[in-house]
Enquirer: 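To start, I am sharing the structure in question, which I have written as structure tokens.
By convention in this document, chain letters (A, B, ...) are assigned in the order of the sequence lines, proteins followed by strands, and residues within each chain are numbered from 1. Both backbone and side-chain heavy atoms feed into the values below; hydrogens, waters and symmetry mates do not.
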Amino acid sequence: MKTRVRFAPSPTGFLHIGSLRTALYNYLFAKGLGGTLILRVEDTDRTRLVEGALEEQIESLAWAGVVFDEGPHVGGNFGPYVQSERFDLYREHGMILVENGSAYYAFDTAEELDSMRQRQQAAGIAPKYDRSSMRNQYTLGEQETARLLAENADHVIRLKVPIGTEIRFTDAIRGDVVVNGKEIDDQILLKSDGFPTYHLANIVDDHLMEITHVIRAEEWLPSTPKHILLYKAFGWEPPIFAHVPLLLNPDRSKMSKRHGDTHVKDFRQKGYFPEALVNFVALLGWNPGTDQELFSMSELIEKFSLDRVHKAGAVFDFKKLEWVKQEYIKMMDPTILAARILPDLEKAGYPRIEIDYVAKVIALLRERISFLTDLVEFGDYLFSDTLAEVSSETLATIKANAELVTALTAFANGLTPEAIADADAFKTYSQQIASDAGMKMGAIMKPLRLAVTHREVGADIQQTLMLLGADRCKTRIVDFIR
RNA sequence: GCACCGUUCGUCUAGGGGUUAGGACACCGCUCUUUCACAGCGGUAACACGGGUUCAAUUCCCGUACGGUGUACCA
């Protein structure tokens, strides 16, 4: 049987970083097995819909490199892939369960349910639908139920959880899980607005879409027994379940409960590379059992397996993400990086931004920047002859030093391309200047850097001068001490 | 409260009946460096606790503690 997995988000907001990881694991799992990844939109809660959320989620996923074989945006043979467009299907399936005795009508109002829960809490028992005392098919009787339905009274359909059963299933990550039937609530399957709840829609769609593995977040683990019950009630074979551990805040609470940078778009806007974010997030809860830390997407696909997914939640460590991001800046092809930063350089209005040249700049400065976008400011003197402002005190101090001014002038006057062509030539040349001026090298290098770049820190000075070219350096030094 | 899931350095993790418990990030120190970085080397640091099983338990079993999730006409 062909492996088919799905990622099933609700379009209620931006794509969460934890959702990215769940989607990624589904993607890696499917691709590693030559299977199919499906996007299914779970929009059955009509009150929580957010305009544009679906588009944003698909876009963020695509940015990260998670692509779908089937879904509302790409089509497929198992559609529609949006649950609100499958409305009739759920009602039909709900009726099947009512007819075979696995589900029943209930007419309770929200207030009635509230007071039921309050009574239960006061009595110190677990809040759970009380089939024997509430207003439903069983307590009301056949005739009254038929009458209420005929007059279109508000009603829901609830799952009739068989008493005295034990539900067990094997989770691909956690092993055997056993739950006593008496712990399971008579879950609502169809709401009074006619829409299904997650539980029903999920099972119907997973079955109809021939999903073989349900890889989802750990928060679903407690409701999985309900799902198993539903499969039984339909007489269907359940898929294999795999509940991945949660992503945690530093205080170990669920990461989605944190406000701040938990959306993929936040990382994207800050300038993280998708490759780095994916790499980092993949390792939160999974590892191949080797010392390798850096993986391309194809390596992840090749190595990923569910049995190496951890059971415990993982704290999202921003410091480690920083490191991964830095590794990518250092190892990615400078030309590719140049292409990515080009729009920002253009926006800054810099004149010297031919791609090959920008690639050279990146190769020179990549170890000193945190984000590629830092280059716009950090490397300004390489892209333009309009230089940063040097403070007047600094300038005055340098100009007041006659020896230094003489040395810098001499440096500029004698400067040739050969003198800065390599480290040795540069050393020879500057030592000559220094000894002529009766100064130490160290006393000249810092002012030289300042004169040419107008900045106090930067890459190796000889390489900087070489990239700039002798003429440009000359002009800048002369302008600086004038 | 109840149910379920979990617990190896601060963090991500490897490991697994007999190991000096391994790696990575972070942190600290040293080296390199005419800046800032990078790089290299070294260091601090962990099996939650209590019982059992066993010649031997961090590893298996049972409890306890702690943490997380769930407990909706949300997903």
Enquirer: Go through the side-chain N and O atoms of H16(A) and H263(A) and say whether any donor and acceptor fall under 3.5 Å apart.
Expert: no
Enquirer: In terms of side-chain heavy atoms of L113(A), which of C73(B), A75(B), G15(B) is nearest?
Expert: C73(B)
Enquirer: Quantified in whole Å, what is the C1' atom distance between nucleotide C49(B) and nucleotide U11(B)?
Expert: 23 Å
Enquirer: Among A14(B), G68(B), C12(B), find the nucleotide with the atom closest to the side chain of H310(A).
Expert: A14(B)
Enquirer: With both distances under 3.5 Å as the test, what is the Watson-Crick or G-U wobble partner of A3(B)?
Expert: U69(B)
Enquirer: Which value, rounded to the nearest 0.5 Å, describes the distance between E299(A) atom CD and S296(A) atom OG?
Expert: 4.0 Å
Enquirer: Please assess W220(A) against Y198(A) for the test ring pair (Phe, Tyr, Trp, His ring centres under 6.0 Å), listing each intermediate value before the final yes or no.
Expert: CA-CA 11 Å; W220(A) 291 109; Y198(A) 170 86; 3.9 Å; yes
Enquirer: How would nucleotides 19-28 of chain B be written as a contact map, 5' to 3', with B for base contact, S for sugar-phosphate-only contact and - for no contact, using protein heavy atoms under 4.0 Å?
Expert: ----BBSS--
Enquirer: Given the C1' atoms of U58(B) and C9(B), what is the spacing between them in whole Å?
Expert: 14 Å
Enquirer: Checking contacts here: which listed nucleotide (U13(B), U35(B), A72(B)) is nearest the side-chain heavy atoms of R117(A)?
Expert: A72(B)
Enquirer: OP1 or OP2 of A14(B) sitting under 4.0 Å from any side-chain N/O of N287(A)?
Expert: yes
Enquirer: Just the atom pairs and distances: protein N or O near nucleotides 42-46 of chain B's N or O, under 3.5 Å.
Expert:
none

Enquirer: RNA chain B: S10(A) or G458(A), which has the more 5' nearest nucleotide?
Expert: G458(A)
Enquirer: Rounding to the closest angstrom, what is the interatomic distance between G29(B) and C38(B) at atom P?
Expert: 15 Å
Enquirer: Taking atom types as modelled and ignoring hydrogens, do the side chains of S192(A) and D154(A) form a donor-acceptor contact shorter than 3.5 angstrom?
Expert: no
Enquirer: F318(A) CZ to G10(B) C1': how many Å, rounded?
Expert: 16 Å
Enquirer: Say we look at G10(B) and C4(B): how far apart would their P atoms be, to the nearest angstrom?
Expert: 30 Å
Enquirer: Can a side-chain donor-acceptor contact be found between Y104(A) and D186(A) if the only test is distance below 3.5 angstrom?
Expert: yes
Enquirer: List in chain and number order the residues that pass ring pair (Phe, Tyr, Trp, His ring centres under 6.0 Å) with Y231(A), two or more places apart in sequence or in another chain; answer none if no residue qualifies.
Expert: none
Enquirer: Using ring pair (Phe, Tyr, Trp, His ring centres under 6.0 Å) as the criterion, list what pairs up with H310(A), not counting sequence neighbours.
Expert: none
Enquirer: Between residues 157-173 of chain A and RNA chain B, which residues have a heavy-atom gap below 4.0 Å?
Expert: R158(A)
Enquirer: So what does D460(A) touch, heavy atoms closer than 4.0 Å: a base, only the sugar-phosphate, or nothing?
Expert: base
Enquirer: In terms of side-chain heavy atoms, does Y129(A) have a donor or acceptor partner in N136(A) at a distance below 3.5 Å?
Expert: yes
Enquirer: I'd like to check the ring pair (Phe, Tyr, Trp, His ring centres under 6.0 Å) partners of F426(A); sequence neighbours left out, ordered by chain and number.
Expert: none
Enquirer: If you only use heavy atoms from C-beta on, which nucleotide in A39(B), U69(B), U35(B) is closest to the side chain of V457(A)?
Expert: U35(B)
Enquirer: Measure from CZ on R216(A) to C1' on C5(B) and round the result to the nearest Å.
Expert: 14 Å
Enquirer: Residues of residues 359-369 of chain A with any non-hydrogen atom less than 4.0 angstrom from an atom of RNA chain B: list those, numerically ordered, please.
Expert: E367(A), R368(A)
Enquirer: Using purine N1 to pyrimidine N3 plus N6-O4 or O6-N4 for Watson-Crick, or N1-O2 and O6-N3 for G-U wobble, both under 3.5 Å, which nucleotide pairs with A14(B)?
Expert: none
Enquirer: Inspect the contact between R368(A) and D374(A) and indicate whether a charged nitrogen and a carboxylate oxygen are less than 4.0 angstrom apart.
Expert: no
Enquirer: Between C1' on U35(B) and CG on L465(A), what's the gap in Å once rounded to a whole number?
Expert: 13 Å
Enquirer: Scan residues 442-466 of chain A for pairs that pass ring pair (Phe, Tyr, Trp, His ring centres under 6.0 Å), counting only residues two or more places apart or in two chains.
Expert: H454(A)-F480(A)
Enquirer: Which nucleotide, G70(B), G6(B), A75(B), lies nearest any side-chain atom of R174(A)?
Expert: G6(B)
Enquirer: Which whole number of Å gives the distance between the P atom of C27(B) and that of A37(B)?
Expert: 12 Å
Enquirer: Using the C1' atom on both, measure U71(B) against U54(B) and round to a whole Å.
Expert: 41 Å
Enquirer: With rounding to the closest Å, how many angstrom separate the C1' atoms on A21(B) and A45(B)?
Expert: 13 Å
Enquirer: Atom CE of M116(A) and atom C1' of A72(B): how far apart are they, to the nearest Å?
Expert: 11 Å
Enquirer: When you check the gap from the basic side-chain N to the acidic O, do D43(A) and R48(A) get nearer than 4.0 Å?
Expert: no
Enquirer: Taking the cut-offs as 6.0 angstrom to the six-membered ring centre and 45 degrees off its axis, would you call K320(A) and F280(A) a cation-pi pair?
Expert: no
Enquirer: Using purine N1 to pyrimidine N3 plus N6-O4 or O6-N4 for Watson-Crick, or N1-O2 and O6-N3 for G-U wobble, each under 3.5 Å, what pairs with A39(B)?
Expert: U31(B)
Enquirer: By ring pair (Phe, Tyr, Trp, His ring centres under 6.0 Å), which residues pair with F267(A), not counting sequence neighbours?
Expert: Y272(A), F316(A)
Enquirer: Identify, with sequence neighbours excluded, every residue that meets side chain to side chain donor-acceptor pair (under 3.5 Å) alongside K270(A).
Expert: D261(A)
Enquirer: Is it true that the side chains of K325(A) and S370(A) contain a donor and an acceptor less than 3.5 Å apart?
Expert: yes
Enquirer: Quick check on contacts: within residues 183-195 of chain A, what sits under 4.0 Å from RNA chain B by heavy-atom distance?
Expert: E183(A), I188(A), K191(A), S192(A)
Enquirer: Side chains of D422(A) and Q462(A): any donor to acceptor distance under 3.5 Å?
Expert: no
Enquirer: Can you tell me which residue pairs pass the side-chain hydrogen bond (donor to acceptor under 3.5 Å, both in side chains) test with a partner in residues 433-450 of chain A, sequence neighbours excluded?
Expert: Q432(A)-D436(A)
Enquirer: Starting at atom CG of D45(A), determine the distance to atom P of C74(B), rounded to an integer number of angstrom.
Expert: 6 Å
Enquirer: From the list U35(B), A75(B), C12(B), which nucleotide is the closest neighbour of the side chain of V315(A)?
Expert: C12(B)
